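Report on one structure; see the data block that follows.
Fair warning: this is a prediction, and the values are worked out from it, not measured in the lab.
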Amino acid sequence: MSRADALRRLAAYEGRWLISLGWWAARRRIGVAPGERTLGYAGAQAAFVYGLTFVSVVETVVVGVLLTNRPTAHAVMLVCDLYTVLMLLGYQAAAVTRPHVLGAETLWLRDGARRDVRIPLERIATVRHDLRFVREPATKDGKGGDAVVELMVGGQTSVTVELSEPVVAVRLLGRQETVRTVRFHADDARGAVAALRAQVAEVAALRARVTAEAGPEPA
């Protein structure tokens, strides 16, 4: 990937979390259609993010006092510190406003404003509650892509999805991965597993009914 491409993707990421701040203030969600179920995951990181934000605000005040007699340095540090606070709040806002989304035919998993993975429900083989705190070393599948993608929140994942057919996921800077296993976190992991299993079963039943109504293919 070229440097220009990387910079463009980073700029787009900055724009996404900045936009998320406005949606957060309006108490709205991004990309959630009527009838779709949201699976929130921001709760696991909230205490850490808010704690770090508080520390950054205190640092801003202390540095401002120490640099009172140095206006240029004070102005530079004030901009940097305020941007840091804004970035931390944007990080949390992106997680709140961009939850995982369970639709009629697709599971849309998101990692704040950084990346997302869309999984057709018909490709999901198994779903299970699976609490993990250690990132698994990257492994390769037979097609040269990473077999496992982990969307960790607060250092953990709690749901594992195994696929019958791979999907392609794209990282923040554009790297593509062929995915057969996805691990993600949901604040209500058991509820997410139950809802996902029910929707997968519904999709399978619908496909079976359509196939039965169509009848056997002509010889």
Kindly say whether [Y] contributes a backbone atom to a donor-acceptor pair with the side chain of [X] at under 3.5 angstrom?
X    : Y    : result
T106 : P120 : no
R9   : A4   : no
Q199 : A104 : yes
T160 : R128 : no
R28  : T97  : no
Y41  : G112 : yes
R110 : P99  : yes
H129 : V159 : no

Provide the closest heavy-atom pair for [X] versus [Y] in the form atom of the first, atom of the second, distance.
X    : Y    : answer
S20  : I30  : OG-CD1, 4.1 Å
W17  : A113 : N-CB, 4.0 Å
D187 : A44  : OD1-N, 3.5 Å
L88  : V49  : O-CG1, 3.5 Å

Pair V167-R118, side-chain contact (heavy atoms from CB on, under 4.5 Å): steps then yes or no
CA-CA 8 Å; V167 297; R118 292 180 185 266; over 6 Å; no
Any chance you could lay out the side-chain contact (heavy atoms from CB on, under 4.5 Å) test for Q45 and H185, step after step, and finish with the verdict?
CA-CA 11 Å; Q45 67 183 30; H185 175 70; over 6 Å; no
Does atom [atom1] of [X] have more than 12 heavy-atom neighbours, drawn from other residues, nucleotides or ligands, at distances under 6.0 Å?
X    : atom1 : answer
R207 : CZ    : no
Y83  : OH    : yes
F54  : CZ    : no
E14  : CD    : yes
R197 : CZ    : yes

Once rounded to the nearest 0.5 Å, what's the spacing between atom [atom1] of [X] and atom [atom2] of [Y]?
X    : Y    : atom1 : atom2 : value
D116 : D111 : CG    : CG    : 9.5 Å
Q176 : R171 : CD    : CZ    : 12.5 Å
T84  : E59  : OG1   : CD    : 7.5 Å
R3   : L10  : CZ    : CG    : 12.0 Å
R183 : S158 : CZ    : OG    : 12.0 Å
T126 : E162 : OG1   : CD    : 4.5 Å

State plainly whether one hydrophobic cluster holds both [X] and [Y], where clusters connect Ile, Leu, Val, Met, Phe, Trp and Tyr through side-chain heavy atoms under 4.5 angstrom apart.
X    : Y    : answer
Y13  : L18  : yes
V203 : L39  : yes
V149 : V161 : yes
V76  : L66  : no
L78  : L67  : no

Could you tell me whether the side chain of [Y] reaches within less than 4.5 Å of the side chain of [X], counting heavy atoms only?
X    : Y    : value
E36  : W108 : no
L21  : L86  : yes
R98  : W23  : no
R114 : R16  : no
T157 : L151 : no
H74  : T68  : no
P166 : V179 : no

Partner of L107 by side chain to side chain contact (heavy atoms under 4.5 Å, CB included), out of L121, V200, V182, V117
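The residue from L121, V200, V182, V117 that satisfies side chain to side chain contact (heavy atoms under 4.5 Å, CB included) with L107 turns out to be L121.
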How far apart are the C-alpha atoms of R29 and V96, what are their side-chain angles, what is the distance that settles it, and do they pass the side-chain contact (heavy atoms from CB on, under 4.5 Å) test?
CA-CA 8 Å; R29 301 293 182 265; V96 172; 3.8 Å; yes
